[in-house]
Amino acid sequence: MSLEPIKERGLVLLGCGKMGSAMLAGWLAGGLPAGSVWVLDPNPSDWLRGTGVHINEGLPDAPAVALIAVKPQMMGDALPSMQALGNGDTVFLSVAAGTSIATFESALGAQSPIIRAMPNTPAAIGRGITAMIGNAHATPAHLDMAEALLQAVGQVVRLEHEGQMDAVTAVSGSGPAYVFHLIETLAKAGEAEGLPADLAMALAKATVGGAGQLAEDAVEDPGQLRVNVTSPNGTTQAALEVLMDKEDGFPSLLRRAVKAAADRSRELSRG
Ligand SMILES: NC(=O)c1ccc[n+]([C@@H]2O[C@H](COP(=O)([O-])OP(=O)(O)OC[C@H]3O[C@@H](n4cnc5c(N)ncnc54)[C@H](OP(=O)(O)O)[C@@H]3O)[C@@H](O)[C@H]2O)c1
């Protein structure tokens, strides 16, 4: 089992905020003993104190994994505490947006196994999707172990090269915000058609949530699901003619939005 090395050698979690806590909750619920986890965080939450993990104590000599879940801007302060674990068999697994593998290699040692991962906010309810990519020292066993850990907060996909991370950030990393905005604007449009605000919002939330679940579960692809609910000359078709307009519909709008996010991600990772 991929998590056996963690039970034997331990796991270090650097930064236990929203993402770190969501993952830790998943591991503990999945049977990882609290005694195998060492957390470093300047302000441990009450929840964290109640878990029974080691908090701000001396670290094991060679933990199986050091998971880095601090904000990118705290990295410079936080990484020195990890340097002693570098260039060995401890896998560094980072979920920090925009911090490159090369940055970790220069801070932690070029021989260190390093895996960069990009989760998204539905991780908080175990419904995230995380993309990951390892450096040359990350072995298949290391990648399997990282995948098993990341599955605590949802699905995991593997990338072919780190350059894909900017597009991943633009689609699934930032994507939940696009969907939240879709909910807001769908509700506003319902209000404009005469619905009370709270009813319009309830309809919009449940429609996006339900359709998202259906799209994930169905055998048909989303394009087919759309066709299935579009009767000729019906109401859905009337709306889709607006939304699917080549000039100013969803296709060109989302293309521009996703490109803007990917471009910004490339800019940020250049520093
Ligand atoms: N939240 C998400 O959905 C999401 C999605 C994708 C990627 N990420 C990535 O996940 C990482 C964490 O994000 P988050 O949302 O969980 O942020 P967060 O809630 O601010 O958590 C970061 C934690 O690290 C602690 N910390 C700060 N300096 C530290 C240090 N020197 N040593 C150890 N711990 C330190 C912070 O403590 P204080 O609060 O006391 O400063 C905080 O508890 C980020 O790099 C982010 O890019 C998050």
Side-chain angles (χ1 to χ4, degrees), residues 11-27 37-51 53-60 63 65-86 90 92-104 107-108 114-133 146-147 149-157 159 162 164-181 258 261-262 264-269 271:
L11 177 151
V12 172
L13 175 58
L14 179 67
C16 195
K18 289 183 282 295
M19 188 54 71
S21 304
M23 296 184 76
L24 177 58
W27 304 329
V37 179
W38 279 257
V39 173
L40 295 179
D41 191 290
N43 297 301
S45 66
D46 291 343
W47 173 81
L48 180 61
R49 290 182 196 283
T51 59
V53 302
H54 305 271
I55 300 173
N56 297 328
E57 291 176 12
L59 301 182
V65 178
L67 196 140
I68 299 165
V70 293
K71 292 275 189 199
Q73 59 271 28
M74 305 311 292
M75 214 52 88
D77 288 343
L79 284 187
S81 60
M82 296 284 104
Q83 261 161 356
L85 307 178
T90 296
F92 294 96
L93 171 58
S94 162
V95 295
T99 308
S100 67
I101 287 178
T103 303
F104 290 111
L108 300 165
I114 294 165
I115 298 172
R116 181 178 165 194
M118 178 71 205
N120 63 0
T121 47
I125 55 161
R127 294 279 315 271
I129 184 158
T130 305
M132 63 176 225
I133 178 81
E147 182 165 338
L149 285 172
L150 294 166
Q151 277 170 346
V153 289
Q155 302 176 51
V156 181
V157 293
L159 301 183
E162 194 180 7
Q164 293 173 316
M165 208 47 109
D166 300 303
V168 165
T169 304
V171 174
S172 59
S174 302
Y178 317 158
V179 177
F180 298 145
H181 189 53
V258 168
R264 182 73 184 127
S265 174
R266 287 182 199 105
E267 239 171 65
L268 290 173
S269 52

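None of the values given here were measured: they were computed from a predicted structure. We use all heavy atoms of the structure for the numbers below, so side chains are in, but hydrogens, waters and symmetry mates are not. Counting starts at 1 for both ligands and their atoms, following the listed order.
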Which donor-acceptor pairs under 3.5 Å do side chains of residues 72-86 form with protein atoms, sequence neighbours excluded?
residue, atom, partner, partner atom, Å
Ser81, OG, Ala78, O, 2.6
Gln83, NE2, Ala107, O, 3.0

- prompt: Going by the atom numbers of ligand 1, which of them fall below 4.0 Å from some non-hydrogen atom of Ala97?
  reply: 45 (O), 47 (O)
task: Output yes when a protein non-hydrogen atom is found under 4.0 Å of atom 31 (N) of ligand 1, and no otherwise.
output: yes
- request: Check each heavy atom of Met19 against ligand 1 and say whether those closer than 4.0 Å belong to the side chain, the backbone, both or neither.
  value: both
task: Could you tell me whether atom 41 (O) of ligand 1 has a protein heavy atom closer than 4.0 Å?
output: no
message: Please state which option from Gly15, Ala78, Ser21, Ala69 has its nearest heavy atom closest to atom 12 (C) of ligand 1.
response: Ala69
field: Protein contact to atom 6 (C) of ligand 1 [nearest heavy atom, distance to 0.1 Å]
entry: Pro119 O, 3.2 Å
- prompt: What protein heavy atom sits nearest atom 21 (O) of ligand 1, and how far away is it?
  reply: Gly17 CA, 3.1 Å
query: Quick one: nearest non-hydrogen protein atom to atom 34 (N) of ligand 1, plus distance?
result: Pro42 CD, 3.3 Å
query: Hey, are the side chains of Thr99 and Ile68 touching, using non-hydrogen atoms and a 4.5 Å cut-off?
result: no
- line: Among Lys71, Lys18, Met74, the residue with a heavy atom nearest to atom 27 (C) of ligand 1 is Met74
- prompt: At a 4.0 Å threshold, what atoms of ligand 1 neighbour a non-hydrogen atom of Val95?
  reply: 7 (C), 8 (N), 9 (C), 10 (O)
task: Report yes if Asp77 has an N/O atom closer than 3.5 Å to an N/O atom of ligand 1; otherwise report no.
output: no
- request: Check if Ala123 has a non-hydrogen atom at a distance under 4.0 Å from any atom of ligand 1.
  value: no
- prompt: Hey, is Gly173 one of the residues with a heavy atom under 4.0 angstrom from ligand 1?
  reply: no
- prompt: Any idea which atoms of ligand 1 are less than 4.0 Å away from a heavy-atom of Cys16?
  reply: 23 (C), 43 (O)
field: Minimal non-hydrogen separation, Asp41 against Gly17, with atom names
entry: OD2-N, 4.1 Å
message: Looking at every heavy atom in both Ala96 and Ser94, which two are closest together, and how far apart are they?
response: N-OG, 3.1 Å
What donor-acceptor contacts under 3.5 angstrom involve side-chain atoms of residues 164-171, with partners at least two apart or in another chain?
residue, atom, partner, partner atom, Å
Gln164, OE1, Glu160, N, 2.7
Gln164, OE1, His161, N, 3.3
Asp166, OD1, Ser265, OG, 2.6
Thr169, OG1, Met165, O, 2.7

- request: Please indicate whether any nitrogen or oxygen in Val70 is less than 3.5 Å from any nitrogen or oxygen in ligand 1.
  value: yes
query: Closest heavy-atom contact between Ala123 and Ala22?
result: O-CB, 4.0 Å
- line: In short, Thr51 meets Leu48 closest at the heavy-atom pair OG1-O, 2.6 Å
message: Looking at every heavy atom in both Pro119 and Ala117, which two are closest together, and how far apart are they?
response: CD-O, 3.7 Å
- line: Nearest non-hydrogen protein atom to atom 3 (O) of ligand 1, with distance, is Thr121 CG2, 3.0 Å
- prompt: In ligand 1, which numbered atoms sit nearer than 4.0 Å to a non-hydrogen atom of Leu40?
  reply: 33 (C), 34 (N)
query: Is any side-chain heavy atom of Pro176 closer than 4.5 Å to a side-chain heavy atom of Pro122?
result: yes
Which segment of Ala124 sits under 4.0 Å of ligand 1 when only heavy atoms are counted: neither
statement: Numbered in order shown, the ligand 1 atoms found under 4.0 Å of a heavy atom of Leu14 are 32 (N), 33 (C)
task: Compare Thr130, Asp41, Asn43 and give the one whose heavy atom is closest to atom 43 (O) of ligand 1.
output: Asp41
- prompt: Can you tell if the side chain of Met23 reaches within under 4.5 Å of the side chain of Val95, non-hydrogen atoms only?
  reply: yes
query: Heavy atoms, side chains only, cut-off 4.5 Å: are Leu14 and Phe92 in contact?
result: no
query: Between Asn56 and Pro44, what is the shortest heavy-atom contact and its length?
result: ND2-CG, 3.9 Å
